[in-house]
Amino acid sequence: MALLITVVTCFVIILNTSQSCRTPDDFVAITSPGHIMIGGLFAIHEKMLSSDDHPRRPQIQKCAGFEISVFLQTLAMIHSIEMINNSTLLSGVKLGYEIYDTCTEVTAAMAATLRFLSKFNCSRETVVFQCDYSSYMPRVKAVIGAGYSETSIAVSRMLNLQLMPQVSYESTAEILSDKIRFPSFLRTVPSDFYQTKAMAHLIRQSGWNWVGAITTDDDYGRLALNTFAIQAAENNVCIAFKEVLPAFLSDNTIEMRINQTLEKIIAEAQLLAVLKNVTFTDGRNSFHFDAHGDLNTGYDVVLWKETNGLMTVTKMAEYDLQHDVFITTNQETKREFRKLKQILSKCSKECSPGQMKKATGSQHSCCYECVSCPENHYSNETDMDHCLLCNNETHWAPVRSTTCFEKEVEYLDWDDSLALLLIALSLLGIAFVLAIGIIFTRNLKTPVVKSSGGLVVCYVMLICHALNFASTGFFIGEPQDFACKTRQTLFGVSFTLCVSCILTKSLKILLAFSFDPKLTMFLKCFYRPVPIVLTCTGIQVVICTLWLVLAAPTVEENISLPRVIILECEEGSALAFGTMLGYIAVLAFICFVFAFKGRKLPENYNEAKFLTFGMLIYFIAWITFIPVYTTTFGKYLPAVEIIVILISNYGILCCIFFPKCYIILCKQKTNTKSAFLQMVYNYSAHSVDSLALSHVSLDSTSYDTATTNQSPGNKMTTCQNDNHLPAQVLAHTGTAKTMKVSKTLRHKRSSSI
């Protein structure tokens, strides 16, 4: 102990000398001989005095500003070496040391490094230049230090020439972990990477994003600031300002890049390998150097707190750099740690879920304003940079939503009120069809039923109406491929068959009551009921078959609406759909023309007039259908076509069959053969009288020609054999003026019962 006090006293005297070094031995702070020499670099003085004028000689300047803490570190190194020498750890081997004061100056550290690299047992202490240092024996075997990263970086580049191990106790610059540039550097403190990472983690955990950074103007400070800026950006922390303070270092930094590969392992390299594999404990934790030469230790998180004018430093937690967590020691420190979150250090208020950050005019990303997520977008975390887009095909989201909602699948379901109403109307229509069929069956031989074409034609038309009403059921419920293909073809074919039967009825009525000889002759030749019905219906069957084969309707999910998915039938081909409806419209127009020409029939039996009204209702319904169908959107689109089908069906059913049922049920006296013949006779007499007056007015100057011209009667004999006109009624008049004309027209009039 007395020896140690003596060494310390001499060391202090040497450090306080005001004379610059005269010899290399004077430059050494303190030394002790040994078999293996260990160098030491400590910044015992905080700065080096600069001369008033430029230095005229390359010499080491005087130092000033004694650092007691670093001096104690130097004593700790000496004490450790002495303890090893006094133990049996290295039997027969004595460790020596050669310690230099760097004065916090790279130049002084470099001068000491040159002495470390000088050749061992050489009369002149010089560094010998060699291309291969494999067999070179330097003065020292390893170096402890330096403290500042800037000094360690410069020293390590020199020591790399001989791969001399260097162990630093304070240098934390991240660049020193690069083993390509600093292969022989080791340290007992973590890299600044973990320090800045811990700082950024602590700031984020405290809920801050608006901080300032203060660093020193040296390699340690600048590199740490750059690393911290990267770590802060990754944690969404903005640096409001950066302040660089002087580090009391001169600008005479040495930048050397030496790339030298040693193929042989020298003694220093062997020592370096041993140091890299050293593991030691402090009784609780185990320590070792990692692949980067960094010790696996962490940091203490301390709180500087001023109380009653006194500054106290309290350890709050330990930072585990391996697991990136803070470890608190007791409940009191936990409470202090949680209090950090109560400190507000933010440029802007955080955006809640359902909002996103919108940049303002500030250059900092932490200064922003919060805006709500638009429709079909969401955010489920705080301070999100942008809102996430929902899958528009299956999900949706309202404004300022925190999640996406699944779209509801909609279609015209059976429990829908409108669907129930339409189905009720369809069932009512089918009930009307059954009632009409029963009425006509029970009154089969009456003139009204016979004049309707007989029971077969009536049944065919009633079955078509029933199928039309039934086809509306395929428009309701969840769409299926079969329903999509069936509903349009069933309606198209059945309605075409119904209109074809109406076409034959129109032709028959026009033929029965026509007074135009040329038209009568043409209609007799054209009037073939069965071929007309089969041909007209067959064309529609071909259209629907081509439609189903080439572009059949299919089930489709309509996702164009923002909140629902419309399950609907896609018609496959708009051209085929339009052709089917257009063909029915052409047949209906022909029926309308024929019915309109025969609209002035007997008052009690004016079927052509009702056919005209029925076709008008059809045209009005389907002309209205086109714009409504093209503009309607959603699940009620099928209801539009159902309504038009019902209107068309009810229109034809009411105009054709209801008047006949009214006569059968309410006017039974007029539903007899004699009453019907009398009605036809009166109508024929009125028609012939009108025709005769017309001929008299036209042929008053040529009476003989009017009474002798029999040619029309001869021409009408070509198509007299018609099985569909079973009875003929000859019209007569009681006046002498019309008697002569009636003789010339006796073959022009025929009527069917």
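Numbering of residues begins at 1 and proceeds along the displayed sequence.
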(Q) Determine whether E408 and R563 satisfy the following criterion, side chain to side chain contact (heavy atoms under 4.5 Å, CB included), listing intermediate values before the conclusion. (A) CA-CA 7 Å; E408 295 183 2; R563 301 188 179 187; over 6 Å; no
**Q.** Trace of the side chain to side chain contact (heavy atoms under 4.5 Å, CB included) decision for T394 with E406
**A.** CA-CA 6 Å; T394 57; E406 189 173 357; 5.6 Å; no
Q: Test F658 against F432 for ring pair (Phe, Tyr, Trp, His ring centres under 6.0 Å), laying out the working first.
A: CA-CA 9 Å; F658 280 16; F432 282 151; 5.5 Å; yes
(Q) Could you go through R487 and S471, starting from their C-alpha distance and side-chain angles, then the distance that decides it, and tell me whether this counts as side chain to side chain contact (heavy atoms under 4.5 Å, CB included)? (A) CA-CA 6 Å; R487 64 181 193 174; S471 68; 5.6 Å; no
**Q.** side chain to side chain contact (heavy atoms under 4.5 Å, CB included) evaluation trace for I476 with I642
**A.** CA-CA 9 Å; I476 302 176; I642 295 176; 3.8 Å; yes
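Remark: H465 NE2 to C498 SG distance equals 3.5 Å, nearest 0.5 Å. To the nearest 0.5 angstrom, L497 atom CG is 8.5 Å from L467 atom CG. Summarising the geometry, atom OG belonging to S372 is positioned 5.0 Å from atom CD belonging to Q355; distances are rounded to the nearest 0.5 Å. Here the CG atom belonging to N558 is positioned 4.5 Å from the CD atom belonging to E568, to the nearest 0.5 angstrom. Note: E571 CD to Q488 CD = 4.5 Å, rounded to the nearest 0.5 Å. Taking NE2 of H395 as the reference point, atom CG of N392 lies at 11.0 Å (rounded to 0.5 Å).
Among all heavy-atom pairs drawn from Y378 and T402, the shortest one is CD1-O, 3.7 Å. Across C661 and I436, no two heavy atoms sit closer than the pair SG-CG1, 3.9 Å. In terms of heavy atoms, T489 sits closest to C544 at CG2-CB, 3.9 Å. Nearest heavy atoms, C655 versus I617: SG-CD1, 4.0 Å. Scanning both residues, A397 and H377, for their nearest heavy atoms gives CB-O, 3.7 Å. Taking both residues in full, the closest heavy atoms of N376 and L389 are given as O-CD1, 3.4 Å, listed atom of the first, atom of the second, then distance.
Each of I565, L567, D416, V564 was scored for a side-chain contact (heavy atoms from CB on, under 4.5 Å) with E410, with one residue passing: V564.
When side chains are defined from C-beta on, C591 does not count as touching L611, because their heavy atoms never get closer than 4.5 Å. Inter-residue side-chain proximity for W547 and F577 is flagged as met; some heavy-atom pair is nearer than 4.5 Å. A 4.5 Å side-chain heavy-atom check between F469 and V433 finds at least one atom pair inside the cut-off. Here the side chains of E350 and K357 are not in contact, with every heavy-atom distance at 4.5 Å or above. By the 4.5 Å heavy-atom criterion applied to side chains, V499 and L503 are not counted as neighbours. Between S500 and I532 there is no side-chain heavy-atom pair separated by less than 4.5 Å. Taking 4.5 Å as the limit, every side-chain heavy atom of R400 sits out of range of all side-chain heavy atoms of C373. Side-chain contact between F495 and I652: present, with at least one pair of heavy atoms (C-beta onward) separated by less than 4.5 Å.
By the 30° and 60° cut-offs, the orientation of the rings of W622 relative to F625 is perpendicular. Relative ring orientation between F405 and W396 is described as tilted, the plane-to-plane angle lying within the 30° to 60° band.
Between the side chains of S494 and N468, a donor-acceptor pair is found at a separation under 3.5 Å. For the 3.5 Å distance criterion, the side chains of T496 and T537 fail to qualify, holding no donor opposite an acceptor.
The environment of F619 atom CZ is dense: over 12 non-hydrogen atoms of other residues, nucleotides or ligands sit within 6.0 angstrom. Residue-environment remark: OH (Y662) stays at or below the threshold of 12 foreign heavy atoms within 6.0 Å.
A disulfide bridge connects C569 to C484: their SG atoms sit within less than 2.5 Å of one another.
For E570 (side chain) and G572 (main-chain N/O), a donor-acceptor pair under 3.5 Å exists by modelled atom type. Remark: side-chain polar atoms of D383 are paired, donor with acceptor, to backbone N or O of C351 under 3.5 angstrom. A donor-acceptor pair under 3.5 Å is formed between the side chain of Y650 and the backbone N or O of G429.
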Atom pairs and distances, donor-acceptor, side-chain atoms in residues 583-590, under 3.5 Å, two or more places apart:
{"from": "Y583", "atom 1": "OH", "to": "C536", "atom 2": "O", "distance (Å)": "2.7"}

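Taking the six-membered ring for Trp, F657 and F440 have ring centres closer than 6.0 Å.
K635 forms no cation-pi arrangement with Y411, by the criterion of a distance under 6.0 Å to the ring centre and an angle within 45° of the ring axis.
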